[in-house]
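Nothing here was measured: the structure is a model prediction, and the numbers come from that model.
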Amino acid sequence: MSHLLSLVLMASTGQANLYSADSDTPDAPDRVVWSGTLPMRPGRDDALVILKSAQGSPVISLRPPEARSTTPPPPAPLPLFADILADASPRFFGSDGRCVVEVDDAGKPRLHCRPGTSVSGAIWLFDGRIPSDATLEAQVSTAGDPGFQAEITAAGADAGTPRPLRIGNDRLPLPDLAGQVPAQLAVIAPVEGGTLDLQRIEIVPAAAVVMRGDLAAWAWSIDLWRRTPEALVAAARSRNVTRLFVSLDIVGEAVRDPRALGRFVRLGRAAGIAVDAVEGDPEMVQPDGLRQALIRARAFAAYQRRAPIAERLAGIQYDVEPYILPAWGSGTSTYAGWSAAIVQLAGAAGQPVDLVLPFWIAGADDSLSFLNRVAGSVRMLTVMSYRTEASVLGRIVQPLLAWGSRHAKPVRLSLEAGPLPDEVEEVFRPAPTGTLAVLPGAQPRVELFASPRSVPGAAMYRFHQRTTIRGSTQSFSGREEAMRDMATRTAPTFSAWPAFSGFALHGLSWPTDPAPPAAAP
């Protein structure tokens with residue numbers, strides 16, 4: 001799984017590797033620092049982004065300009081694993097003004113209300129909407145006097161059916177709001193008045209939700225199942241892993257060592273562990289790469305036909321990631337080419353496939369049509385959601401969990417424990433002069449200079465901003481226990497989405513296992 005910054009790829013239309021240019025005069029202002037090519041010429045307003053890491057060559061990609069709109073963007077879903085009260089804005093209602101909101105010593109809101117008969121209280125407008133396609137509630141932690149009532153509604157709506165708020169910990173239902181509508185909390189004071197401390201409000205799964213938290217893991221080395229199958233199964237069992245993704249040794253149109261593979265599948269099945277094949281190469285979207293991938297898919301199908309039922313693989317997973325190709329955005333290296341390849345591969349394999357996707361695809365151009373095109377050929381989505389903060393993880397996976405829930409497609413989330421370096425993203429925007437030049441040609445050439453200048457006939461770009469992305473925000477980097485703890489802690493909340501099907505763990509160390517491949521975003 002190759003590692004590229006999701007922010008760069010989210011809207012990229014092309015990218016290319018760059019190499020360092022030699023120079024006898026390293027301090028010369030017109031020195032070329034980096035040079036490379038792009039698969040297509042940038043649009044007039046496209047930005048260029050250089051991603052640099054301590055490992056490997058820098059990568060440059062195109063980013064289309066942000067769409068300009070007179071309408072405000074829709075509200076984002078409210079965060080999970082966080083206090084949604086922290087960013088809420090209060091206001092009062094009531095004809096006699098008998099309620100006021102203060103802030104206590106801990107920075108939490110305190111509602112004071114005098115006795116009175118008017119309907120009075122306060123409303124807190126949340127900075128977001130209720131997450132969609134999930135069975136959720138709001139857990140409200142309070143202190144103070146009894147008698148207050150509360151209800152969560154759409155922003156601006158009246159509290160039609162408020163319910164008594166139990167002091168301490170209570171739960172409020174979340175309404176099923178259509179569209180992109182912010183939510184609010186309405187608190188109504190009792191006639192005798194009182195004081196209510198609002199300490200925390202968190203979105204949690206409804207009490208009726210059945211928790212799902214199955215664990216899967218990748219074991220990339222073929223020698224693991226071929227030479228040490230017992231050790232691999234034992235190591236998986238010790239981690240409560242119930243599914244393993246393994247690479248197959250395929251020669252020509254046949255799986256090599258089918259007896260060893262069948263024995264391993266039997267061992268896994270006896271231990272309650274399903275075994276899936278995993279295939280993946282960005283070149284699968286291009287003609288030659290797809291031809292080879294189809295041969296391998298037919299070899300998988302042949303093994304399944306010939307193997308006894310107890311030795312058949314549970315399925316096949318495709319981790320293609322074509323967006324890392326230098327030619328991404330042209331020819332068959334597009335969303336259309338990617339979906340066409342998945343449909344053909346599922347047909348050759350003889351069954352729907354488990355498709356690995358980056359979390360950002362739900363917000364990328366053409367994502368909805370891509371997902372719709374592959375839906376009939378996919379039995380499950382495995383989302384590369386490599387993040388180490390629960391609140392960030394909860395935010396980035398909601399769109400694909402919602403899509404899977406609407407389309408009855410299981411969605412598995414994944415976490416990373418392999419080493420990831422820090423990365424630096426540098427953004428350049430079109431300008432008359434700058435340090436980045438795109439020279440015209442059938443394959444445009446990119447040159448990065450040591451200082452600003454103007455190159456005749458070239459499109460120039462000036463430096464805009466630099467962002468450092470810490471590897472520690474994406475990978476647990478060997479802290480396997482912390483990674484498994486993240487899966488355990490968050491699984492109950494994610495189970496509120498019908499599509500959620502547990503976690504997959506990447507970067508685990510296995511007995512005699514060499515270093516795992518680099519991870520993806």
Can you find a heavy atom in the side chain of Leu400 that is under 4.5 Å from one in the side chain of Leu371?
yes
Using only atom types and a distance under 3.5 Å, with no angle test, would you say the side chain of Arg212 pairs donor to acceptor with the backbone of Ala491?
no
Is there a side-chain contact (heavy atoms from CB on, under 4.5 Å) between Asp354 and Met380? Walk through the geometry before answering.
CA-CA 5 Å; Asp354 177 353; Met380 172 173 281; 4.1 Å; yes
Give a yes or no on whether a salt bridge exists between Asp214 and Arg239, defined as a side-chain N under 4.0 angstrom from a carboxylate O.
no
Which pair of heavy atoms, one from Phe126 and one from Leu78, lies closest together, and at what distance?
CB-CD2, 3.7 Å
Side-chain (Thr435) to main-chain (Ser451) donor-acceptor, under 3.5 angstrom:
no
What is the distance from atom CZ of Arg98 to atom CZ of Phe92, rounded to the nearest 0.5 Å?
13.5 Å
Beyond-backbone contact of Met384 with Glu321, side-chain heavy atoms, under 4.5 angstrom:
yes
What are the two closest heavy atoms between Arg406 and Ser132, and how far apart are they?
NH1-OG, 4.4 Å
Check step by step if ring-ring contact (aromatic ring centres under 6.0 Å, His included) holds for Trp328 and Tyr335.
CA-CA 9 Å; Trp328 176 248; Tyr335 284 111; 5.2 Å; yes
Tell me whether Asp104 at atom CG has more than 12 heavy atoms from other residues, nucleotides or ligands lying less than 6.0 Å away.
yes
For Ser385 and Leu393, indicate whether the former's side chain and the latter's backbone hold a donor-acceptor pair under 3.5 Å.
no
Could you tell me which non-hydrogen atom of Pro173 sits nearest to which non-hydrogen atom of Arg163, and how far apart they are?
CD-CD, 4.3 Å
Nearest 0.5 angstrom please: Leu136 CG to Leu174 CG, how far?
6.0 Å
Dump the intermediate steps for side-chain hydrogen bond (donor to acceptor under 3.5 Å, both in side chains) on Ser501 and Arg412, then the final yes or no.
CA-CA 5 Å; Ser501 188; Arg412 181 189 293 117; 5.4 Å; no
Side chain Asp170, main chain Leu165, donor-acceptor under 3.5 Å:
no
Start with the C-alpha distance between Val446 and Leu436, add both sets of side-chain angles, then the distance that settles side-chain contact (heavy atoms from CB on, under 4.5 Å), and finish with yes or no.
CA-CA 7 Å; Val446 180; Leu436 197 67; 3.8 Å; yes
Taking the ring centre of each residue, are Tyr323 and Trp360 less than 6.0 Å apart?
yes
Heavy-atom donor-acceptor pair, Asp83 side chain to Leu85 backbone, under 3.5 Å
yes
Are Lys108 and Glu102 close enough for a salt bridge, meaning some N to O gap below 4.0 Å?
no
Phe81/Phe494 aromatic ring centres below 6.0 Å:
yes
Does some side-chain heavy atom of Val246 sit less than 4.5 Å from a side-chain heavy atom of Trp220?
no
Within the 4.5 Å heavy-atom criterion, are Leu80 and Gln398 side-chain neighbours or not?
yes
Run Asp46 and Arg63 through salt bridge (Lys or Arg N to Asp or Glu O under 4.0 Å) and show every step you take.
CA-CA 6 Å; Asp46 287 348; Arg63 181 182 296 169; over 6 Å; no
Begin from the C-alpha positions of His112 and Thr195 and carry the test side-chain hydrogen bond (donor to acceptor under 3.5 Å, both in side chains) through to its verdict.
CA-CA 5 Å; His112 282 298; Thr195 298; 2.9 Å; yes
Judged by atom type as modelled, is there a donor-acceptor pair below 3.5 Å linking the side chain of Thr142 to the main-chain atoms of Asp197?
no
Under 3.5 Å, is there a donor-acceptor pair between the side chain of Lys409 and the main chain of Val378?
yes
Quick one: does Asp485's side chain have a donor or acceptor within less than 3.5 Å of a partner on Glu481's backbone?
no
Short N-O contact, Asp45 and Arg429, less than 4.0 angstrom:
no
Residue set satisfying side-chain hydrogen bond (donor to acceptor under 3.5 Å, both in side chains) with Arg484, at least two apart, ordered chain then number -> Glu480
Between Phe245 and Trp218, what is the ring plane arrangement, given parallel below 30°, perpendicular above 60°, and tilted in between?
tilted
Closest heavy-atom contact between Leu401 and Ala499?
O-CB, 3.8 Å
Considering all heavy atoms, the nearest Glu416-Leu420 contact
CG-CD1, 4.3 Å
Got a sec, which residues hit side-chain hydrogen bond (donor to acceptor under 3.5 Å, both in side chains) with Ser339, two or more places apart in sequence or on another chain?
Arg373
Rounded to the nearest 0.5 angstrom, the CZ-CG distance for Arg243 and Asp276 is 4.5 Å
Would Leu111 and Leu198 count as a side-chain contact (heavy atoms from CB on, under 4.5 Å) if you check the C-alpha gap in whole Å, the side-chain angles of each, and the deciding distance to 0.1 Å?
CA-CA 8 Å; Leu111 178 61; Leu198 286 170; 5.9 Å; no
Could you tell me if the side chain of Ile130 sits less than 4.5 Å from the side chain of Pro175, heavy atoms only?
yes
Is there side-chain contact between Ile342 and Val353, with heavy atoms separated by less than 4.5 Å?
yes
Tell me the closest heavy-atom pair linking Ala159 and Ile188, and the distance in Å.
CB-CD1, 4.4 Å
Indicate, with yes or no, if the rings of Phe428 and Tyr461 have centres closer together than 6.0 Å.
no
Contact between Met460 and Thr433 at the side-chain level, heavy atoms closer than 4.5 Å - yes or no?
no
How long is the gap from OG on Ser495 to CZ on Phe500, to the nearest 0.5 Å?
5.0 Å
Just do the salt bridge (Lys or Arg N to Asp or Glu O under 4.0 Å) check on Asp96 and Arg114 with the steps written out, would you?
CA-CA 10 Å; Asp96 56 5; Arg114 301 191 312 271; 5.5 Å; no
Kindly indicate whether the side chain of Val356, heavy atoms from C-beta on, has any atom under 4.5 Å from the side chain of Leu381.
no
As an exercise, state the distance from CE of Met483 to OG of Ser414, rounded to the nearest 0.5 Å.
10.0 Å
Between the CD1 atom in Ile60 and the CG atom in Leu51, the distance rounded to the nearest 0.5 Å is 11.0 Å
Near-ring test Trp338/Tyr318, centroid separation under 6.0 angstrom:
no
For Glu192, I'd like to know if atom CD has over 12 heavy atoms of other residues, nucleotides or ligands within 6.0 Å.
yes
Identify whether the distance between the nearest side-chain nitrogen and carboxylate oxygen of Lys52 and Glu426 falls below 4.0 Å.
yes
Are the side chain of Ser475 and the backbone N or O of Ser477 linked by a donor-acceptor pair below 3.5 Å?
yes
Go through Thr161 and Glu151 one step at a time and tell me if the side-chain hydrogen bond (donor to acceptor under 3.5 Å, both in side chains) criterion holds.
CA-CA 7 Å; Thr161 56; Glu151 185 178 5; 3.1 Å; yes
Do the side chain of Arg387 and the main chain of Val392 share a donor and acceptor less than 3.5 angstrom apart?
no
